[in-house]
*Asks:* 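Dropping a structure here in structure tokens format, bear with me for questions.
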Amino acid sequence: MKDSTADNKKKSPVEAATPTNFIKQMIDEDIKAKKNEGRVHTRFPPEPNGYLHIGHAKSICLNFGLAKDYNGLCNLRYDDTDPSKETMEYVEAIKEDVRWLGFDWEDREYYASDYFEQLFEYALQLIKAGKAYVDSLSAEEIREYRGTLTQPGKNSPYRERSIEENLDLFERMRAGEFKDGEHVLRAKIDMASPNMIMRDPTLYRIKHVSHYRTGSMWCIYPMYDFTHCLSDSIEGITHSICTLEFEINRELYDWVLDRLDAYHPQQIEFARLNLSYTVLSKRKLIRLVQEGHVSGWDDPRMPTISGIRRRGYTPEAIRNFCERIGVAKADSMVDMALLEYCLREDLNKRAPRVMGVLRPLKVVIENYPQDKEEELEAINNPEDPSMGTRKVPFARVLYIEQDDFMEDPPKKFFRLAPGREVRLRYAFFITCVDVVKDPDSGQAIELRCTYDPKTRGGDAPDGRKVKATLHWVSAKHAISAEVRLYDHLFVKDNPNEVENGKDFTDYINPKSLELLKNCKLEPSLASASPESRFQFERLGYFCVDSKDSKAEAVVFNRTVTLRDTWAKILKSQQKKD
RNA sequence: UGGGGCGUCGUCAAGCGGUAAGACACAGGAUUUUGGUUCCUGCAUUCGGAGGUUCGAAUCCUCCCGCCCCAGCCA
């Protein structure tokens, strides 16, 4: 019953609808209540101080996705208020990543730094309303005055300065009359608030640092809590979606907007993504890069968008993953296996199949004529007949995978072994008649086989069956390539959980990268362009490395293996022993 | 020991007072020229725990337990 009707049934609009979540429910209610005239306007607000990672992808998909679902808009806004950490390099990288993921902010590319003048005006307003003051305590003193989680703080001796004095001091802060740290502008709220955030939070600090966009225009910079809510307000954002750790900041978000009588967006918090076998905190990712545990932000083992892209992931797979994991408020750790499932699902449909031998074992077909060669027809993608076929050259000397031969095979191994017949995919049945071994190691270095010319294409006219089909490549025609095998960056499912005296870097997987130098690939791959993806049959999905691959020295990255039930059988058998 | 949040299958996650969706993972089986794909089948008498309200509770109330976040002039 596998007709198109059944397929259509499966993808009926109801079932294909993106899953609901608590944010959509809130928006639905807002729309019903005619809030914001039914408008939906979100924003993705990265700080350009690092590269985007898969956790950001969740936020990007959420924000842009909501805008799309509700016929609204989503802005790209850089939250660039700390000039000591932010650079143009990051701005560019972020744009490239968001675009690659498939989202478009059109002309709405904004920067908090563009609002500095307006923000300054707002600060003046706050001072005039008696809601902010210039504090001249040192950073350490401010910390002491703040109190603790269980004890209230105490008021700064500068808290009651006159409005005039505050105005004067704040203007002079801007004018550069003071050194870093000499004064700060603080909101006058409540030093005894049970919410630490509300104990007269700092609004502006002096930093004689050049900003990557505003240069030396400013020497005072607004803090996040002051900037973010007002930036949202200025842009007419309706729903300001952020992660859970900002939940306590919402009180301040609302406070600022209320004091200033500004348009008031709704902040909504959701749980950030955690993924098993990797880390997703900027601090940790930056360490991996700086300490050389990886080759850079775009190392294919990194959970960064650029790393994942270089690894060979598709934007479709990532978007699908973000949809499947859902949006909620409970802390969660998503299984990497789900991401890999989404990837395979996508690649299975679109990646052309090809044959490549990673660890070559020479095979000589004894009864195949010395100088003969022929071309066999291979299907490019059994999942998609429209992708057509190609010719693969066959000759007397071939390579097969070392793993596909065992001299003394265990029970369930049904690949090649002495005396056994198997199929070479799209080619012939071959039988192993002899094994040439290295005299020192005893390792098989060459297999002598015979082939059955009547099985050309892979079917025996007499109907006999073989239990295995192997991939192979003609020695004479093969191209050599470097292949990089990647595995989880960490051996621990949650590397954030560190045992006493250890560091998360202690859990880095020593085998996260395996370099294979002398792989043999079918000749059609010689012209593969950078970033193009293939399925190496029976092995996994691979892509041409975007940085290191050259026409004369091809480099492939293994994106992900195929599901491997044989490996599972081996593992469970090993466990039994 | 202050405040804010959160606890539904191994992992995500629906559920919104009418008797536990779905996905991944896992385990079987079928089909297969990829030990791939696809297709079947199984997988929470129970929702952190204990009471209570109700004809009826994962959903409402009370208490308890556990986990996360906050003491940056970071975001």
Side-chain angles (χ1 to χ4, degrees), chain A residues 1-2 15 19-21 25 45-47 49 79-82 84-85 135 137-139 142-144 146-153 180-181 183-186 192-199 201-207 220-221 223-225 227-228 242-251 269 271 276 282-283 324-342 344-345 348-349 353 355 379 382-383 412-415 423-427 429 455 457-459 465-471 493 535-540 561-569:
Chain A
M1 280 294 145
K2 258 188 71 182
E15 286 180 77
T20 187
N21 58 53
Q25 291 180 350
E47 183 190 10
N49 68 343
D79 223 334
D80 55 354
T81 58
D82 186 354
S84 59
K85 293 180 187 159
D135 197 356
L137 250 25
S138 69
I142 286 181
R143 196 185 320 123
E144 284 160 23
R146 188 152 29 224
T148 68
L149 294 178
T150 49
Q151 290 164 247
D180 287 12
H183 305 284
V184 290
L185 183 73
R186 289 232 255 170
S193 172
N195 181 355
M196 298 291 289
I197 298 280
M198 298 300 278
R199 320 246 259 229
T202 301
L203 268 19
Y204 269 88
R205 75 285 216 192
I206 300 170
K207 267 184 194 247
I220 58 170
Y221 293 94
M223 299 285 289
Y224 166 83
D225 285 304
T227 308
H228 203 91
C242 61
T243 46
L244 243 37
E245 66 270 27
F246 290 100
E247 201 141 27
I248 50 167
N249 297 62
R250 190 175 64 229
E251 193 179 351
E269 311 85 12
S276 60
K282 265 189 194 173
R283 201 200 111 245
R324 280 174 194 246
I325 57 176
V327 180
K329 292 194 75 164
D331 291 320
S332 63
M333 167 77 71
V334 176
D335 194 339
M336 179 72 94
L338 180 61
L339 215 209
E340 293 177 344
Y341 172 85
C342 293
R344 292 189 185 107
E345 181 182 53
N348 178 49
K349 282 180 297 187
R353 314 285 127 121
M355 291 195 284
I379 294 164
E383 304 293 319
K412 289 181 181 163
F413 183 90
F414 39 80
R415 275 111 94 147
R423 170 170 38 234
L424 293 182
R425 178 140 235 226
Y426 299 125
F429 284 12
T455 56
D459 278 309
K465 303 282 186 208
V466 286
K467 290 194 86 174
T469 300
L470 310 187
H471 59 97
D493 60 343
Q535 183 196 101
F536 288 11
E537 291 213 37
R538 305 211 302 135
L539 296 175
T561 61
L562 251 29
R563 253 182 74 205
D564 192 349
T565 24
W566 168 237
K568 248 179 236 170
I569 293 167

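These numbers come from a predicted model, not from an experiment. Residue numbering restarts at 1 for every chain, and letters A, B, ... go by the order of the sequence lines.
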*Asks:* Looking for any heavy atom pair under 4.0 Å, which part of the strands does Arg199(A) touch: base, sugar-phosphate only, or nothing?
*Replies:* nothing
*Asks:* Give Phe536(A) one of three labels, base, sugar-phosphate or nothing, depending on what nucleic acid heavy atoms sit under 4.0 Å from its own.
*Replies:* nothing
*Asks:* What pairs with Asp335(A) under salt bridge (Lys or Arg N to Asp or Glu O under 4.0 Å), at least two apart in sequence or on another chain?
*Replies:*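 Salt bridge (Lys or Arg N to Asp or Glu O under 4.0 Å) list for Asp335(A), sorted by chain: empty.
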*Asks:* Between the base of U34(B) and the side chain of Arg353(A), is there any donor-acceptor pair under 3.5 Å?
*Replies:*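 Yes, the side chain and the base share a sub-3.5 Å donor-acceptor pair.
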*Asks:* For C60(B), what is the paired nucleotide under Watson-Crick or G-U wobble rules, both distances under 3.5 Å?
*Replies:*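 For C60(B), the partner nucleotide comes out as G52(B), under the 3.5 Å rule.
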*Asks:* On a whole-Å scale, what distance lies between the P atoms belonging to U37(B) and C16(B)?
*Replies:* 35 Å
*Asks:* When we call it a touch if two heavy atoms are under 4.0 Å apart, what does Phe414(A) touch: a base, just sugar-phosphate, or nothing?
*Replies:* base
*Asks:* Could you tell me whether Leu203(A) contacts a base, only the sugar-phosphate backbone, or nothing, with contacts defined as non-hydrogen atoms closer than 4.0 Å?
*Replies:* nothing
*Asks:* With hydrogens left out and only the distance checked, is there a donor-acceptor pair under 3.5 Å joining Gln535(A)'s side chain and the base of U34(B)?
*Replies:*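 Yes.
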*Asks:* By the 4.0 Å heavy-atom rule, please label Asn49(A) as base, sugar-phosphate, or nothing.
*Replies:*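 Nothing: the residue Asn49(A), judged by heavy atoms under 4.0 Å, touches no strand.
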*Asks:* What's the NZ-P distance between Lys465(A) and U34(B), to the nearest Å?
*Replies:* 11 Å
*Asks:* Base, sugar-phosphate or nothing for Ala139(A)? Non-hydrogen atoms, less than 4.0 Å.
*Replies:*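 The answer is base, as Ala139(A) lies within the cut-off (heavy atoms under 4.0 Å) of a base atom.
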*Asks:* Restricting to salt bridge (Lys or Arg N to Asp or Glu O under 4.0 Å), what partner residues turn up for Arg146(A), sequence neighbours left out?
*Replies:* none
*Asks:* Taking the C1' atom of each, how far is C63(B) from C68(B), in whole Å?
*Replies:*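 Going atom to atom, C1' in each nucleotide, I get 22 Å.
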*Asks:* Could you tell me whether G7(B) is syn or anti, where syn means a glycosidic angle within 90 degrees of zero?
*Replies:* anti
*Asks:* Across the strands shown, which category fits Lys467(A) at heavy-atom distances under 4.0 angstrom: base, sugar-phosphate, nothing?
*Replies:*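 Since no nucleic acid heavy atom lies under 4.0 Å of Lys467(A), the category is nothing.
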*Asks:* With heavy atoms under 4.0 Å as the rule, sort Ser276(A) into base, sugar-phosphate or nothing.
*Replies:*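 No contact.
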*Asks:* Between U46(B) and U54(B), how far apart are the two P atoms, rounded to whole Å?
*Replies:*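 Rounded to whole Å, the distance is 24 Å.
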*Asks:* Under 3.5 Å, is there any donor-acceptor pair linking the side chain of Gln25(A) to the base of C16(B)?
*Replies:* yes
*Asks:* Measuring only the P atom in each nucleotide, how far is U34(B) from G48(B)? A whole number of Å is fine.
*Replies:*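 The answer is 46 Å between these two P atoms.
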*Asks:* Give me the distance, rounded to whole Å, that separates C47(B) from G10(B) when you measure between the P atoms they each carry.
*Replies:*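 Those two atoms are separated by 13 Å.
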*Asks:* Can you list the residues that meet the salt bridge (Lys or Arg N to Asp or Glu O under 4.0 Å) rule with Asp135(A), with sequence neighbours excluded?
*Replies:*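 Scan of Asp135(A) (salt bridge (Lys or Arg N to Asp or Glu O under 4.0 Å), adjacent residues dropped) gives Arg186(A).
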*Asks:* Check the phosphate of C74(B) against Arg205(A), side-chain N and O only, distance under 4.0 Å to OP1 or OP2. Yes or no?
*Replies:*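 Arg205(A) to C74(B) OP1/OP2: side-chain N or O found under 4.0 Å.
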*Asks:* Using the aromatic ring of Trp566(A) (for Trp, its six-membered ring), decide whether it stacks on the base of G35(B) within the limits of 5.5 Å and 30°.
*Replies:*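 Given the distance and angle limits, yes, they stack.
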*Asks:* Is Ile325(A) touching bases, backbone alone, or none of the nucleic acid, heavy atoms closer than 4.0 Å?
*Replies:* sugar-phosphate
*Asks:* Need one value for Arg146(A): base, sugar-phosphate or nothing, where a base atom within 4.0 Å counts as base even if backbone is also close, heavy atoms only.
*Replies:* sugar-phosphate
*Asks:* Report, one line per pair, each donor and acceptor closer than 3.5 Å where one atom sits in a side chain of residues 325-334 of chain A; sequence neighbours left out.
*Replies:*
{"from": "Lys329(A)", "atom 1": "NZ", "to": "Glu247(A)", "atom 2": "OE2", "distance (Å)": "2.5"}

*Asks:* Remember a base hit wins even if backbone is also touched, and classify Lys282(A) as base, sugar-phosphate or nothing at under 4.0 Å, heavy atoms.
*Replies:* nothing
*Asks:* Could you please name the partner base of G66(B), counting Watson-Crick and G-U wobble pairs only when both distances are under 3.5 Å?
*Replies:*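 G66(B) is paired, partner C6(B).
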*Asks:* Could you tell me whether a side-chain N or O of Ser193(A) sits under 3.5 Å from a main-chain N or O of Met198(A), the two making a donor and an acceptor?
*Replies:*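 A pair under 3.5 Å: no.
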*Asks:* Within the 4.0 Å limit for protein heavy atoms, which parts of nucleotides 4-11 of chain B are touched? Write it as a string from 5' to 3', B for base, S for sugar-phosphate only, - for none.
*Replies:* SSS----S
*Asks:* Base, sugar-phosphate, or nothing for Thr148(A), non-hydrogen atoms under 4.0 angstrom?
*Replies:* base
*Asks:* Would you classify Thr20(A) as touching base, sugar-phosphate or nothing, given that sugar-phosphate means primed atoms plus P, OP1 and OP2, and contacts are heavy atoms under 4.0 Å?
*Replies:* sugar-phosphate
*Asks:* What residues form a salt bridge (Lys or Arg N to Asp or Glu O under 4.0 Å) with Lys282(A), not counting sequence neighbours?
*Replies:*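 Lys282(A) satisfies salt bridge (Lys or Arg N to Asp or Glu O under 4.0 Å) with no other residue.
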*Asks:* Suppose you measure atom P in G15(B) against the same atom in A75(B); what distance do you get, rounded to whole Å?
*Replies:* 36 Å
